[in-house]
Amino acid sequence: MKKLAIIPAYNESASIVNTVSDIVKNAPDFDYIVINDRSADDTLKVCKENNINYINLPLNLGIGGAVQTGYWYALENDYDIAVQFDGDGQHDAKYLDEMAEFLQKSGSDMVIGSRFIEKEGFQSSSVRRFGIKYFSGIIKLLTGKRITDPTSGFRMCNREIIRMFTDDYPKDYPEPETIIAILNRNKTINEIPVVMRAREEGVSSISLKKSVYYVVKVTLAMMLERIRK
């Protein structure tokens with residue numbers, strides 16, 4: 001089976017080499033593609049200098065546009081499995097084979113790497129954990145399915161979901177909304193425990209001020225997605 005790691009990157013010049021090296025060393029069965037989302041730093045230069053596989057977006061599309069570009073690449077190049085893999089060093093490539101094996105054996109359409117099943121490693125900030133629990137509750141209310149880590153960007157899916165995401169993918173903060181979209185189509189999502197690291201460099205794009213917008217926007221989007229057929 002052809003397997004692809006999609007690495008969205010915005011200003012990840014300090015960590016992108018280690019991220020790619022982690023995949024090459026610990027998950028050699030996976031191809032990878034870095035989606036450089038018009039970074040303002042030297043991310044593109046670093047990719048070129050280190051012979052990293054990349055797509056350079058002409059405009060900054062945000063996380064949703066960058067990830068959707070990766071799914072388009074996966075579909076056009078006939079990949080059977082695609083996984084989102086953060087460019088900031090938080091995800092660990094040693095889990096990729098385990099996730100792929102679980103995806104196939106369980107018949108899941110998506111597998112999410114959750115830091116909250118065994119609660120080991122980096123657990124995020126208290127404010128962000130509150131938001132995660134909130135979205136977990138909303139998903140449970142709307143679908144009956146409990147997802148412990150609904151904002152996790154460490155997500156692997158099969159070809160059917162790849163095709164679905166090329167057709168429609170939210171622009172920003174897409175993870176909780178797309179969980180509703182998948183479950184709304186009677187597809188299967190499961191989680192496995194993973195250990196995540198603190199980011200190697202930089203800070204999260206979600207500030208305290210943006211958090212209010214994030215919660216309101218995503219909540220409304222999830223509710224609209226639930227009633228959409």
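No side-chain heavy atom of Glu12 sits less than 4.5 Å from a side-chain heavy atom of Val34. Residues Ile63 and Pro174 have side chains in contact (heavy-atom distance under 4.5 Å, counting atoms from C-beta outward). Proximity of Tyr54 to Lys48: side-chain heavy atoms (C-beta onward) are separated by under 4.5 Å at one or more points. Contact annotation: the side chain of Ile179 never approaches that of Phe135 to less than 4.5 Å [non-hydrogen atoms, C-beta and beyond].
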Check residues 91-103 and write down every donor-acceptor pair under 3.5 Å in which the side-chain atom is one partner and the other belongs to a residue at least two apart or another chain.
from	atom 1	to	atom 2	distance (Å)
His91	ND1	Asp86	N	3.0
His91	NE2	Asp86	OD2	3.4
Asp92	OD1	Lys94	N	3.1
Asp92	OD1	Arg197	NH2	3.4
Asp92	OD2	Arg197	NH2	3.4
Tyr95	OH	Val195	N	3.1
Glu101	OE2	Lys105	NZ	2.7

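Distance check, rounded to the nearest 0.5 Å: CG of Asp167 to CD of Gln68 gives 8.5 Å. To the nearest 0.5 Å, atom NZ of residue Lys171 and atom CD of residue Glu177 are 13.5 Å apart. Atom-to-atom distance recorded for Phe116:CZ and Thr151:OG1 is 6.5 Å, nearest 0.5 angstrom. Going from atom CD1 of Ile161 over to atom CE of Met110 covers 6.5 Å, rounded to the nearest 0.5 Å. Put simply, CG on Asn36 and CD1 on Ile52 are 10.5 Å apart, with the number rounded to the nearest 0.5 Å.
In this model, no donor atom of one side chain and acceptor atom of the other lie less than 3.5 Å apart for Thr19 and Tyr32. Side chain to side chain, Asp88 and Gln90 meet the donor-acceptor criterion of an N or O pair below 3.5 Å.
Between Glu225 and Arg185 there is a salt bridge, with a side-chain nitrogen of the basic residue lying less than 4.0 Å from a carboxylate oxygen of the acidic one.
At most 12 non-hydrogen atoms from other residues, nucleotides or ligands lie less than 6.0 angstrom from NZ of Lys45.
Looking only at distances, a side-chain donor or acceptor of Thr69 sits under 3.5 Å from a matching main-chain atom of Gly65.
A search for salt bridge (charged side-chain N to carboxylate O under 4.0 Å, His left out) contacts involving Asp78 returns Arg159, not counting sequence neighbours. Applying the side chain to side chain contact (heavy atoms under 4.5 Å, CB included) rule to Asp41 yields the partners Asn11, Ser13, Ser39, Thr43; only residues at least two apart in sequence or on another chain are considered.
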